[in-house]
Visitor: 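One structure, as structure tokens, below. Some questions next.
On a predicted model such as this, the values are computed, not experimentally measured, just so you know.
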Amino acid sequence: MEFGSALKKIRVSRIIRQEELSQNLMSRTSISKIENLKQLPNYTNSVQLIERLGLTLNEFEFIKNNYSYSKKQTIEQQFMHIGDSTHQNDLLDLKERCLLYLKKDKDSDVKRIYLITKAMLEIDKKTMKELCPIVQPVWDYLSKIDTWVILDLYMINYIFFFFPSKTSFWMLRLALINIKEKYPELIKLKNSFLLNQSYLLMQGKKFSRAKSFLEESLTISKQTAQYDLLILAKIRICFCDNKENQITKLLILLHEMGANSLAEGIKEELKILKEIKNKAENQDLISR
């Protein structure tokens with residue numbers, strides 16, 4: 001379906017008049033020409049028209065493509081939501097989709113998704129240091145470009161932990177800046193970055209800075225009803241404040257919610273953080 005045809009179909013279905021759609025942007029006549037395939041809007045105007053219809057670009061493309069995604073869009077959508085799943089089969093399916101696509105089209109985005117998926121599938125078999133070279137080309141590319149699109153931000157979210165902490169911290173910092181300046185609507189992704197940033201800071205024994213990120217995460221988790229992440233943020237704050245009894249209660253609450261895998265993951269995380277904290281305290285005693 002052509003852009004103009006999709007625009008008209010959606011406009012009519014949402015009971016929006018041409019005058020309303022064109023207001024302060026272009027003439028009603030221009031809207032008519034676009035819908036009758038006699039004129040094409042520039043990119044900026046296209047985006048504004050889509051937003052006035054109450055849609056995101058992805059939603060518009062989905063409707064424009066007769067309510068289906070292209071093969072590349074399907075791969076991108078599956079990739080951006082892979083974090084919602086803990087099933088290995090979903091990663092394997094995504095990897096196979098990428099391989100099939102790359103046999104016909106050497107698309108750079110799909111190649112990067114393939115590399116990330118390949119590394120994620122090997123997490124239980126190899127160390128992060130061993131896996132880092134697999135995703136290094138992804139960062140080599142992203143570190144050179146000035147503007148990250150939404151897909152790029154999701155890539156950062158999935159690769160940062162393969163890298164040394166200094167590089168990871170830099171990735172997450174840039175990602176948060178990009179979201180703040182260009183994609184404030186990506187509030188759930190922002191929450192993920194805040195939590196990841198807090199963990200890196202806690203590993204670096206910078207507990208007061210970590211708490212500032214966690215406090216912001218608490219606010220977002222409440223707004224988005226991400227109650228499992230709300231509890232995760234609370235547990236980390238309790239760890240920073242040495243409130244062990246509250247951590248135990250919060251872990252029980254996670255199990256009662258059915259978030260068993262998250263609860264077990266947090267227990268492993270706390271073991272690592274305790275070791276780091278104990279080493280730091282022992283070094284302080286020795287230095288005295």
Visitor: What is the distance from atom OG of Ser198 to atom CD1 of Ile237, rounded to the nearest 0.5 Å?
Guide: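 One finds 9.0 Å between OG of Ser198 and CD1 of Ile237.
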Visitor: For Lys144, is there an ion pair with Asp140 - N to carboxylate O distance below 4.0 angstrom?
Guide: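 The answer is no: the pair does not qualify as a salt bridge.
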Visitor: Taking all non-hydrogen atoms of both residues into account, name the closest pair between Ile16 and Arg52 and its distance.
Guide: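 Heavy-atom minimum between the residues: CD1-O, 3.9 Å.
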Visitor: Using a strict threshold of under 4.0 Å (side-chain N to carboxylate O), is an ion pair present between Lys125 and Glu130?
Guide: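 Lys125 and Glu130: not salt-bridged.
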Visitor: So Phe207 and Phe239, would you call those rings parallel, tilted or perpendicular, with 30° and 60° as cut-offs?
Guide: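 Rings of Phe207 and Phe239: tilted, 30 to 60°.
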Visitor: Measure the CG-CG distance between Leu214 and Leu195 for me, rounded to the nearest 0.5 Å.
Guide: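 If we round to the nearest 0.5 Å, Leu214:CG and Leu195:CG are 6.5 Å apart.
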Visitor: Indicate if Leu91 and Met128 have the same hydrophobic cluster label, given that clusters are the connected sets of ILVMFWY residues with side-chain heavy-atom separations under 4.5 angstrom.
Guide: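 As far as the 4.5 Å side-chain criterion goes, Met128 and Leu91 are connected within one cluster.
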Visitor: Answer yes or no: does atom CD1 of Ile145 have more than 12 heavy-atom neighbours from other residues, nucleotides or ligands under 6.0 Å?
Guide: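 More than 12 within 6.0 Å, yes.
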Visitor: Which atom pair, heavy atoms only, marks the closest approach of Asp152 to Thr147?
Guide: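 Of all heavy-atom pairs spanning Asp152 and Thr147, the closest is OD2-O, 4.1 Å.
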Visitor: Run Leu25 and Ile31 through side chain to side chain contact (heavy atoms under 4.5 Å, CB included) and show every step you take.
Guide: CA-CA 10 Å; Leu25 181 63; Ile31 295 291; over 6 Å; no
Visitor: Looking at Arg14 and Glu20, is any side-chain nitrogen of the basic one under 4.0 Å from a carboxylate oxygen of the acidic one?
Guide: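 Salt bridge between Glu20 and Arg14, a charged N being under 4.0 Å from a carboxylate O: no.
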Visitor: Is the NZ atom of Lys72 crowded by more than 12 outside heavy atoms at less than 6.0 Å?
Guide: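 Enclosed: over 12 neighbouring heavy atoms sit under 6.0 Å from NZ of Lys72.
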Visitor: If every non-hydrogen atom of Gln197 is compared with every non-hydrogen atom of Phe169, which pair is closest and at what distance?
Guide: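 Distance-wise, the nearest heavy atoms are OE1-CD1, 3.5 Å.
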Visitor: Without swapping roles, check the side chain of Ser168 against the backbone of Phe163 for a donor-acceptor pair under 3.5 Å.
Guide: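 A pair under 3.5 Å: yes.
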Visitor: Of Ile276, Ile272, Leu273, which is the lone residue that meets side chain to side chain contact (heavy atoms under 4.5 Å, CB included) with Met202?
Guide: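 For Met202, the side chain to side chain contact (heavy atoms under 4.5 Å, CB included) check succeeds only for Leu273.
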Visitor: Please name the pair of heavy atoms, one in Ile116 and one in Val135, separated by the smallest distance, quoted to 0.1 Å.
Guide: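 The answer is CA-CG1, 4.0 Å.
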Visitor: For the CD atom of Gln88 and the CD1 atom of Ile123, what is their distance to the nearest 0.5 Å?
Guide: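 Rounded to the nearest 0.5 Å, the CD-CD1 separation comes out at 8.5 Å.
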Visitor: Asn36 side chain to Lys38 main-chain N or O, any donor-acceptor pair under 3.5 Å?
Guide: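 It does not hold such a pair.
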Visitor: For residues Asn89 and Leu92, determine if any side-chain heavy atom of one lies less than 4.5 Å from a side-chain heavy atom of the other.
Guide: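 Yes. Closest side-chain heavy atoms under 4.5 Å.
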Visitor: Does some side-chain heavy atom of Ser5 sit less than 4.5 Å from a side-chain heavy atom of Lys9?
Guide: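 Answer no - side chains too far apart.
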Visitor: For atom NZ of Lys222, decide whether the heavy atoms of other residues, nucleotides or ligands shown that lie under 6.0 angstrom number more than 12.
Guide: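 No - once you tally the heavy atoms of other residues, nucleotides and ligands closer than 6.0 Å, there are 12 at most.
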Visitor: To the nearest 0.5 Å, what is the distance between CG on Leu189 and CD1 on Ile179?
Guide: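 The distance works out to 4.5 Å.
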Visitor: Between Lys211 and Asp241, is there a salt bridge with N-O shorter than 4.0 Å?
Guide: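 Counted as a salt bridge, because a side-chain N and a carboxylate O are separated by less than 4.0 Å.
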Visitor: Once rounded to the nearest 0.5 Å, what's the spacing between atom CH2 of Trp170 and atom CD1 of Ile156?
Guide: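 Reported value, rounded in 0.5 Å steps: 11.5 Å.
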Visitor: I'd like to know if Glu216 and Lys190 make a salt bridge, using a cut-off of under 4.0 Å between side-chain N and carboxylate O.
Guide: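 Result for this pair is yes, salt bridge flagged.
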Visitor: Is there a path of hydrophobic side-chain contacts, each under 4.5 Å between heavy atoms of I/L/V/M/F/W/Y residues, joining Leu37 to Leu40?
Guide: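 Not linked; separate clusters.
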Visitor: Using ring-ring contact (aromatic ring centres under 6.0 Å, His included), reason through Phe60 and Phe3 one step at a time and then give a plain yes or no.
Guide: CA-CA 9 Å; Phe60 183 82; Phe3 179 90; 5.1 Å; yes
Visitor: Without swapping roles, check the side chain of Arg28 against the backbone of Glu19 for a donor-acceptor pair under 3.5 Å.
Guide: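 No; zero donor-acceptor contacts below 3.5 Å.
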Visitor: For the pair Trp148 (side chain) and Ala175 (backbone), establish whether a donor and an acceptor sit closer than 3.5 Å, ignoring hydrogens and angles.
Guide: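 No; judged by distance alone, with no hydrogens or angles, the pair does not exist.
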Visitor: Okay, side chain of Asn178, backbone of Leu174: is any donor-acceptor separation there less than 3.5 Å?
Guide: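 Yes: the side chain of Asn178 pairs with the backbone of Leu174.
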Visitor: Mind checking the NZ-NZ spacing from Lys271 to Lys274? Nearest 0.5 Å is all I need.
Guide: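 Between atom NZ of Lys271 and atom NZ of Lys274 there are 9.0 Å.
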Visitor: Can you find a pair of side-chain heavy atoms, one from Met155 and one from Phe79, that are under 4.5 Å apart?
Guide: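 Result yes, sub-4.5 Å side-chain heavy-atom pair found.
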Visitor: Are the side chain of Ser221 and the backbone of Leu218 linked by a donor-acceptor contact shorter than 3.5 Å?
Guide: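 Answer holds: no.
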Visitor: Would you mind reporting whether Ile220 and Leu229 have side-chain heavy atoms less than 4.5 Å apart?
Guide: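 Answer no - side chains too far apart.
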Visitor: Test Ile50 against Ile10 for side chain to side chain contact (heavy atoms under 4.5 Å, CB included), laying out the working first.
Guide: CA-CA 9 Å; Ile50 291 167; Ile10 298 166; over 6 Å; no
Visitor: Does NZ belonging to Lys95 count more than 12 external heavy atoms closer than 6.0 Å?
Guide: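 Yes, because the 6.0 Å sphere around NZ of Lys95 holds more than 12 heavy atoms from other groups.
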Visitor: For the residue pair Lys111 and Tyr141, would you count it as a cation-pi contact if the rule is NZ or CZ under 6.0 angstrom from the ring centre and within 45 degrees of the ring axis?
Guide: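 Checked: cation-pi criterion not met.
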Visitor: Is there a side chain to side chain contact (heavy atoms under 4.5 Å, CB included) between Leu7 and Leu21 once you walk through the steps?
Guide: CA-CA 10 Å; Leu7 186 76; Leu21 193 61; 4.2 Å; yes
Visitor: Is there a side-chain contact between Asp109 and Ile75, using heavy atoms and a 4.5 Å cut-off?
Guide: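 Asp109 does not reach Ile75 side chain to side chain.
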Visitor: A quick test of your reading: do over 12 heavy atoms of other residues, nucleotides or ligands sit less than 6.0 Å from CG of Asp105?
Guide: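 It does: Asp105 CG has more than 12 such atoms within range.
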Visitor: Verify whether one side chain among Asn65 and Glu61 offers a donor that lies under 3.5 Å from an acceptor in the other.
Guide: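 Side chains of Asn65 and Glu61: no pair found under 3.5 Å.
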Visitor: When hydrophobic residues are tied together by side-chain contacts of less than 4.5 Å, even through go-betweens, does Ile187 share a cluster with Phe213?
Guide: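 Same cluster: Ile187 reaches Phe213 through Ile, Leu, Val, Met, Phe, Trp or Tyr contacts under 4.5 Å.
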Visitor: Considering residues, nucleotides and ligands other than Lys182, do more than 12 of their heavy atoms fall under 6.0 Å from its NZ?
Guide: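 Count over threshold, so yes.
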Visitor: Compare all side-chain heavy atoms of Gln203 with those of Tyr199 and state whether any distance is below 4.5 angstrom.
Guide: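 SC-SC contact between Gln203 and Tyr199 confirmed.
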Visitor: I would like to know whether Leu251 and Ile247 meet side chain to side chain contact (heavy atoms under 4.5 Å, CB included); could you show each step before the answer?
Guide: CA-CA 6 Å; Leu251 284 170; Ile247 290 175; 4.0 Å; yes
Visitor: Does Leu94 share a hydrophobic cluster with Leu100, counting links as ILVMFWY side-chain heavy atoms below 4.5 Å and allowing steps through other members?
Guide: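 Different hydrophobic clusters.
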Visitor: Using atom types as modelled and distance alone, determine if a side-chain donor or acceptor of Tyr158 lies under 3.5 Å from a backbone N or O of Met80.
Guide: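 Yes, Tyr158 side chain to Met80 backbone: donor-acceptor pair under 3.5 Å.
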Visitor: Testing the basics here: between Lys277 and Cys240, what is the closest heavy-atom pair and its distance to 0.1 Å?
Guide: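 Distance-wise, the nearest heavy atoms are NZ-O, 4.3 Å.
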Visitor: What pair of heavy atoms forms the shortest contact from Leu250 to Ile231, and how long is it?
Guide: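 Looks like O-CG2, 3.7 Å.
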Visitor: Same cluster or not: are Leu151 and Trp139 linked, directly or through other Ile, Leu, Val, Met, Phe, Trp or Tyr residues, by side-chain heavy atoms under 4.5 angstrom apart?
Guide: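 They do share one cluster, since a chain of ILVMFWY contacts under 4.5 Å joins Leu151 to Trp139.
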